[in-house]
Amino acid sequence: MIKLVLILILYLVSLFSNAQTDPDQILIGGNKRPEVLLVGTFHFAYYDQDLYKTDKDKRVDILSKKRQKEIQELVEYISLFKPTKIFVEDFNKDNILMKNYRNYKNGNYKLTADEIDQLAYRLMDNFELDTLYGVDEKTIFQTLYSKPETKNYASDLSKGFDLQKDFLESDIGKRYMKWYEIDDSLKLENSMLDYFKILNSPISQKRGFYSLFAGTFGYENTDGADILTLSLVSRNMRILNHIERNINSPDERILILFGSSHTDFFKLFYNSSPEHKLIDFNELYSLEMN
């Protein structure tokens, strides 16, 4: 009897200890959470708006017969997640996303090379979704510069700073540019699905996040840090705000299709959140078995 009491006491002490050390027992408990899948992508149409630009002879022809077959394979793989809402990198001016989609369904729109056309529209078909959420945003810096009362502040803050130049001239920036060149080769050498698994792997996401800031810290004052905060940080936070205000149920499965530099940033938010369940892109086959 004494032994049984001791075992019970030890068990209760263990439960209390775990409750004290594991915050998720309080923050999550038994609550159901919306599931989130981040799908980082490169821009299939090569708009050349990013710092690194792929040589024309090293670009993937996404509309070729070979790549179109691979796109179908990639869509089938992402479909294992069974999304209920899809968010994409577009400002969706004049609701252009749904206009194009409806025209596509009616046979009056031919899919372009853009990843929204190639992936999001096909996923919408697969799950009969009636809305595509374009949630891209401008930066606070752009907002400040567009207003007469704050334009001078934004202009003065950026004087003497060229963060892109600082990145390119830094040792780490040069190494990143070398990595991007190798990444171009990986796109050509691998199927779309295999490349997306590389692009969305933990190491690529982790190093991709750091690339946003590499070579741009260490100034004598805080202006450089302020510029980064008002530009790329604010844009990503505004995008996250748009996504979050459209998550309305713990039963939802949220697919976020954005350029990988954005999803690398978003991962920090969703990976640390007790209000969401982040699904690993490379583990989607395990969902099929559950």
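The first residue of the sequence shown is numbered 1, and numbering continues consecutively from there.
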| Sub-6.0 Å ring centroid separation between Tyr195 and Phe42 | yes
Would you check if the side chain of Asn241 reaches a backbone N or O of Met237 as a donor-acceptor pair within less than 3.5 Å? no
- [ ] Taking the side chain as every heavy atom from C-beta outward, state whether Lys138 and Arg235 have any pair of such atoms under 4.5 Å apart.
- [x] no
Tell me whether Glu252 contacts the main-chain N or O of Asn248 through its side chain, where contact means a donor paired with an acceptor under 3.5 Å.
yes
* If Ile, Leu, Val, Met, Phe, Trp and Tyr residues are connected whenever their side-chain heavy atoms lie under 4.5 Å apart, and connections chain through other members, are Leu129 and Val135 in the same group? -> no
Result for side chain to side chain contact (heavy atoms under 4.5 Å, CB included) between Glu35 and one of Leu255, Ile279, Ile254 points to Ile279
Item to complete: Might you work through the ring-ring contact (aromatic ring centres under 6.0 Å, His included) test for Tyr270 and Phe265, ending with a clear yes or no?
Response: CA-CA 9 Å; Tyr270 287 111; Phe265 188 103; over 10 Å; no
When rounded to the nearest 0.5 Å, the distance separating CD1 of Ile182 from OH of Tyr180 is 12.5 Å
Requested in this report: For Thr150 and Leu144, indicate whether the former's side chain and the latter's backbone hold a donor-acceptor pair under 3.5 Å.
Outcome: yes
Discussion item. Given 3.5 Å as the limit, does a donor-acceptor pair link the side chain of Tyr46 with the main chain of Val60, or not?
Written reply: yes
- Task: For the pair Ser155 (side chain) and Lys151 (backbone), establish whether a donor and an acceptor sit closer than 3.5 Å, ignoring hydrogens and angles.
- Result: no
task: Answer yes or no: is there a side-chain heavy-atom contact under 4.5 Å between Asp61 and Phe44?
output: no
Please determine whether the number of non-hydrogen atoms from other residues, nucleotides or ligands lying under 6.0 Å from atom NZ of Lys165 exceeds 12. no
Practice item. Report the C-alpha distance between Met192 and Ile62 in whole Å, list the side-chain angles of each, state the deciding distance to 0.1 Å, and finish with yes or no for side chain to side chain contact (heavy atoms under 4.5 Å, CB included). Key: CA-CA 9 Å; Met192 292 297 292; Ile62 210 72; 3.5 Å; yes
In terms of heavy-atom contacts, Ser79 and Phe127 come closest through O-CZ, 3.2 Å
| query | Does NZ in Lys53 sit with more than 12 non-hydrogen atoms of other residues, nucleotides or ligands closer than 6.0 Å? | reply | yes
I'd like to know if the side chain of Gln118 reaches the main chain of Thr112, judged simply by a donor and an acceptor atom lying under 3.5 Å from each other, with no hydrogens or angles considered.
yes
Original post:
Given Thr216 and Asp166, is the side-chain hydrogen bond (donor to acceptor under 3.5 Å, both in side chains) satisfied, shown in steps?
Top reply: CA-CA 6 Å; Thr216 57; Asp166 291 343; over 6 Å; no
- Item | Under 3.5 Å: donor-acceptor pair, side chain of Asp55, backbone of Asp57 | no
- Item | Heavy-atom side-chain contact between Phe167 and Tyr176 under 4.5 Å | yes
One should read off an interatomic distance between Asp194 CG and Leu74 CG, to the nearest 0.5 angstrom, of 10.0 Å
Between Phe81 and the options Leu284, Leu123, Val36, the side chain to side chain contact (heavy atoms under 4.5 Å, CB included) test singles out Leu284
Discussion item. Assess the residue pair Asp48 and Arg59 against the criterion (salt bridge (charged side-chain N to carboxylate O under 4.0 Å, His left out)); give the C-alpha distance rounded to whole Å, side-chain angles, the decisive distance to 0.1 Å, and a yes or no.
Written reply: CA-CA 11 Å; Asp48 289 338; Arg59 299 184 178 191; 2.9 Å; yes
The side-chain hydrogen bond (donor to acceptor under 3.5 Å, both in side chains) partners of Arg33 (sequence neighbours excluded) come to none
*Do Glu137 and His242 have side-chain atoms, one donor and one acceptor, less than 3.5 Å apart?*
yes
Taking atom types as modelled, find out whether Tyr52 and Asp184 have a side-chain donor-acceptor pair closer than 3.5 angstrom. yes
Checklist line | Under 3.5 Å donor-acceptor, Asp280 side chain and Asn282 backbone | finding: yes
In this structure, OG of Ser185 is separated from CG of Asn190 (nearest 0.5 Å) by 10.5 Å
For the residue pair Phe258 and His262, does the interplanar ring angle fall in the parallel (under 30°), tilted (30 to 60°) or perpendicular (over 60°) class? perpendicular
Side-chain heavy atoms of Phe91 within contact of Asp136, under 4.5 Å = yes
- Message: Does atom NZ (Lys197) have a neighbourhood of more than 12 heavy atoms from anything else shown, all under 6.0 Å?
- Response: yes
* Would you confirm whether Asn221, through its side chain, and Asp223, through its main-chain N or O, come within 3.5 Å as a donor-acceptor pair? => yes
Point to revise | NZ/NE/NH1/NH2 to OD/OE distance under 4.0 Å, Lys66 and Glu70 | key: yes
Report yes or no: does Asn92 contribute a side-chain atom to a donor-acceptor pair with the main-chain N or O of Leu97 at less than 3.5 Å?
-> yes
Of all heavy-atom pairs linking Phe217 and Ala225, the shortest is CE2-CB, 4.2 Å
Without placing hydrogens or testing angles, list every side-chain donor-acceptor pair under 3.5 Å for residues 198-214, not counting sequence neighbours.
residue: Asn200; atom: OD1; partner: Gly40; partner atom: N; Å: 2.7
residue: Asn200; atom: ND2; partner: Gly40; partner atom: O; Å: 3.1
residue: Asn200; atom: ND2; partner: Phe196; partner atom: O; Å: 2.9
residue: Ser201; atom: OG; partner: Ile198; partner atom: O; Å: 2.7
residue: Ser201; atom: OG; partner: Ser204; partner atom: N; Å: 3.4
residue: Ser201; atom: OG; partner: Ser204; partner atom: OG; Å: 3.2
residue: Ser204; atom: OG; partner: Ile198; partner atom: O; Å: 2.9
residue: Gln205; atom: OE1; partner: Lys267; partner atom: NZ; Å: 2.7
residue: Ser211; atom: OG; partner: Gly208; partner atom: O; Å: 2.5

(Q) Can you classify the ring geometry of Phe269 versus His276 as parallel (below 30°), tilted (30 to 60°) or perpendicular (above 60°)? (A) tilted
On a heavy-atom basis, the closest approach of Ile78 and Phe281 is CG1-CE1, 4.0 Å
Has Lys187 got more than 12 heavy atoms of other residues, nucleotides or ligands less than 6.0 Å from its NZ?
yes
Centre of Tyr104's six-membered ring, under 6.0 Å away, within 45 degrees of the axis: is that where NZ or CZ of Lys110 sits? no
Rounded to the nearest 0.5 angstrom, the CD1-OG1 distance for Ile140 and Thr229 is 9.0 Å
Rounded to the nearest 0.5 angstrom, the CZ-OG distance for Phe266 and Ser261 is 8.5 Å
d(Met98 CE, Asn103 CG) to nearest 0.5 Å is 10.5 Å
Query - Working for side-chain hydrogen bond (donor to acceptor under 3.5 Å, both in side chains), residues Tyr109 and Asp117 - result: CA-CA 10 Å; Tyr109 178 81; Asp117 286 18; 2.6 Å; yes
(message) Show, in sequence, the C-alpha distance, side-chain angles and deciding distance for Leu163 and Leu228, and conclude whether the side chain to side chain contact (heavy atoms under 4.5 Å, CB included) test is met.
(response) CA-CA 9 Å; Leu163 300 183; Leu228 285 169; 3.8 Å; yes
> Can you check ring-ring contact (aromatic ring centres under 6.0 Å, His included) on Tyr145 and Tyr153, steps first, answer last?
Replying inline: CA-CA 8 Å; Tyr145 198 81; Tyr153 166 75; over 10 Å; no
**Prompt:** Within a strict 4.5 Å, meaning less than it, do heavy atoms of the Asn31 and Glu275 side chains meet?
**Reply:** no
Test item: Leu230 and Leu157 side chains (from C-beta on) under 4.5 Å apart, heavy atoms = yes
* Asked: Is any side-chain heavy atom of Leu37 closer than 4.5 Å to a side-chain heavy atom of Ile256?
  -> no
| field | Side chain proximity check, Met124 to Leu132, heavy atoms < 4.5 angstrom | value | yes
